[in-house]
Amino acid sequence: MPIIELKDVTYFYDGTNNLESRAIRNVSFSVEKGEYVGVIGHTGSGKSTLIKHLNCILRPTYGKVYIDGVDVWANKKALSKIRRKVGLVFQYPEYQLFEETVEKDIAFGPKNLGLSKEETEIRVVRAAQMVDIDRNLLSKSPFEISGGEKRRVAIAGILAMEPDILVLDEPAAGLDPIGKEKILKIIEHYHKYEKRTVIHVTHSMEDIAKYADKILIMNSGEVVSYDSVENTFKDVDVLKNIGLDIPQITKVFFKLRKKGFNIPSNIYTVEDAVDIVKNILIEKERQ
């Protein structure tokens, strides 16, 4: 049974059938437990609207949303349980920090789940460790730490609730390369070692190629494609038709193959490219 399933979900912002207010249309897809799904598409394609349906911020105008097999809007009493299962990290989540200390900000979610003081403290320390926030920062004001640290504290506040599904909307937006890599590694760890399901909205094809199992492409409020990373990047024309592209490193390897180099075409990350080049150099030395 999929952990997430959407069936023919359509959403109008003004609650009418006015086409100009339609944000997404007939969206259907499912996600298996433990998968990492990247969601890509241009600004205005419906990505943010889509993920707001996953933890019941938005209710479909038409269609159904199922989390762990439960129709989330069939019984309003079940909404709180669904929201505990799905942790949503908005763009620039550090703007939502408001407590006196970092510790209190991370603890806000667990406390609202009704956890004991002892369990809340355990979760705060654990979440802080997961996002590489030193314990001596816990007593500081969240407004006294760096931008990258604020972002990680905000994410820690979601991780402390230990959601089964982690949904992130451009979690690395606006960060420098080092800060961005830290955030992506945190997400990877939560997926890989905590064995949780991740839905990651981004504009970066390179990030999705590196971390995702599947890619869901949105365009004009509809799902254009939902497939594995390899199959998605094979269909270059589909991507180009909606103004998207394959990773830069993949382009380089495509061009090298056209020039006669016997190298794979399914290279999507710099790390993979480095391994291939190393192997080629080793083979040449042996010859």
Side-chain angles (χ1 to χ4, degrees), residues 2-13 21-68 70-73 79-96 109 151 154-155 157-159 161 163-174 183-184 186-188 190-191 196-205 207-208 211-227 232 244:
I3 193 168
I4 299 170
E5 187 173 14
L6 273 67
K7 292 185 177 181
D8 298 320
V9 171
T10 296
Y11 182 76
F12 290 85
Y13 270 112
S21 70
R22 187 176 65 194
I24 58 176
R25 176 176 179 269
N26 295 340
V27 171
S28 297
F29 70 95
S30 62
V31 179
E32 298 299 321
K33 186 175 183 179
E35 285 188 321
Y36 190 131
V37 176
V39 181
I40 61 174
H42 285 299
T43 300
S45 62
K47 304 185 303 295
S48 295
T49 301
L50 170 64
I51 61 172
K52 287 176 184 175
H53 283 79
L54 301 182
N55 77 337
C56 313
I57 290 177
L58 296 180
R59 181 173 185 168
T61 307
Y62 305 106
K64 300 284 187 180
V65 177
Y66 298 89
I67 301 295
D68 252 352
V70 175
D71 181 349
V72 300
W73 290 102
L79 290 180
S80 60
K81 291 183 180 179
I82 295 300
R83 287 169 178 150
R84 292 182 184 186
K85 287 178 178 286
V86 184
L88 178 56
V89 179
F90 292 102
Q91 279 194 48
Y92 302 103
E94 60 270 26
Y95 294 158
Q96 298 167 50
R151 182 75 55 90
I155 292 175
I158 301 297
L159 297 185
M161 294 187 286
D164 294 331
I165 303 166
L166 181 63
V167 183
L168 308 108
D169 191 356
E170 295 283 357
I183 294 297
L184 295 178
I186 289 165
I187 300 167
E188 181 189 33
Y190 196 70
H191 168 247
R196 308 301 173 114
T197 306
V198 172
I199 309 295
H200 179 179
V201 174
T202 182
H203 284 92
S204 172
M205 304 297 273
D207 293 346
I208 290 305
Y211 296 107
D213 301 312
K214 290 181 179 178
I215 299 177
L216 186 146
I217 302 175
M218 296 288 295
N219 187 54
S220 299
E222 299 183 0
V223 174
V224 175
S225 172
Y226 182 46
D227 210 332
T232 298
L244 297 175

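All values below were derived from every heavy atom in this structure, side-chain atoms included, with hydrogens, water molecules and symmetry-related copies excluded. Starting from 1, each residue takes its place in the sequence as its number.
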Positive for side-chain contact (heavy atoms from CB on, under 4.5 Å) with Thr232, one of Ile217, Ile208, Leu216: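 Considering Ile217, Ile208, Leu216, a side-chain contact (heavy atoms from CB on, under 4.5 Å) with Thr232 is found only for Ile217.
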Using the side-chain contact (heavy atoms from CB on, under 4.5 Å) definition, which of the options Val39, Val89, Val86 pairs with Val167?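 With Val167 as partner, side-chain contact (heavy atoms from CB on, under 4.5 Å) holds for just one option, Val86.
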Distance check, rounded to the nearest 0.5 Å: [X] atom [atom1] versus [Y] atom [atom2]?
| X | Y | atom1 | atom2 | result |
| --- | --- | --- | --- | --- |
| Asp8 | Arg25 | CG | CZ | 10.0 Å |
| Ile3 | Ile199 | CD1 | CD1 | 9.0 Å |
| Lys85 | Arg196 | NZ | CZ | 10.5 Å |
| Ile82 | Asp164 | CD1 | CG | 10.0 Å |
| Ile40 | Met205 | CD1 | CE | 3.5 Å |
| Leu88 | Leu168 | CG | CG | 8.0 Å |

Checking Phe29 against Leu50 for the side chain to side chain contact (heavy atoms under 4.5 Å, CB included) test, could you report, in this order, the C-alpha distance in whole Å, the side-chain angles of both residues, the deciding distance, and whether it holds? CA-CA 11 Å; Phe29 70 95; Leu50 170 64; 3.8 Å; yes
Asn219 versus Ser45, side-chain donor and acceptor atoms under 3.5 Å: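 No, no side-chain donor-acceptor contact under 3.5 Å.
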Give a yes-or-no answer on whether the side chains of Thr49 and Tyr13 include a donor-acceptor pair shorter than 3.5 Å.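 The criterion, which ignores hydrogens and geometry beyond distance, is satisfied for Tyr13 and Thr49.
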Side-chain contact, heavy-atom cut-off 4.5 Å: [X] with [Y]?
| X | Y | answer |
| --- | --- | --- |
| Leu6 | Leu54 | yes |
| Trp73 | His53 | no |
| Asp213 | His191 | yes |

Which is it for Ile4 and Val37 under the side chain to side chain contact (heavy atoms under 4.5 Å, CB included) test, yes or no, and what are the steps along the way? CA-CA 11 Å; Ile4 299 170; Val37 176; over 6 Å; no
Counting distance only, does the side-chain N/O of [X] pair as donor-acceptor with the main-chain N or O of [Y] below 3.5 Å?
| X | Y | result |
| --- | --- | --- |
| Arg151 | Pro171 | yes |
| Arg83 | Ile57 | no |
| Lys47 | His42 | yes |
| Thr197 | Gly34 | yes |
| Glu170 | His203 | yes |

What heavy-atom pair brings [X] and [Y] nearest, and what distance separates the two atoms?
| X | Y | answer |
| --- | --- | --- |
| Ile24 | Val9 | CD1-CG1, 3.8 Å |
| Ser30 | Tyr226 | O-OH, 2.8 Å |
| Glu35 | Glu32 | OE1-N, 2.9 Å |
| Ala212 | Gly38 | CB-N, 3.9 Å |
| Met218 | Val27 | CE-CG2, 4.3 Å |
| Pro163 | Ile158 | CD-O, 3.3 Å |

Charged N to carboxylate O under 4.0 angstrom, Asp227 versus Lys214?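 No, no charged N to carboxylate O under 4.0 Å.
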Going by the angle between their ring planes, with limits at 30° and 60°, are Tyr95 and Tyr92 parallel, tilted or perpendicular?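 Because their plane-to-plane angle is under 30°, the rings of Tyr95 and Tyr92 count as parallel.
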Determine whether the aromatic ring centres of Tyr211 and His200 lie less than 6.0 Å apart.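 Ring-ring flag for Tyr211/His200: false, centres at least 6.0 Å apart.
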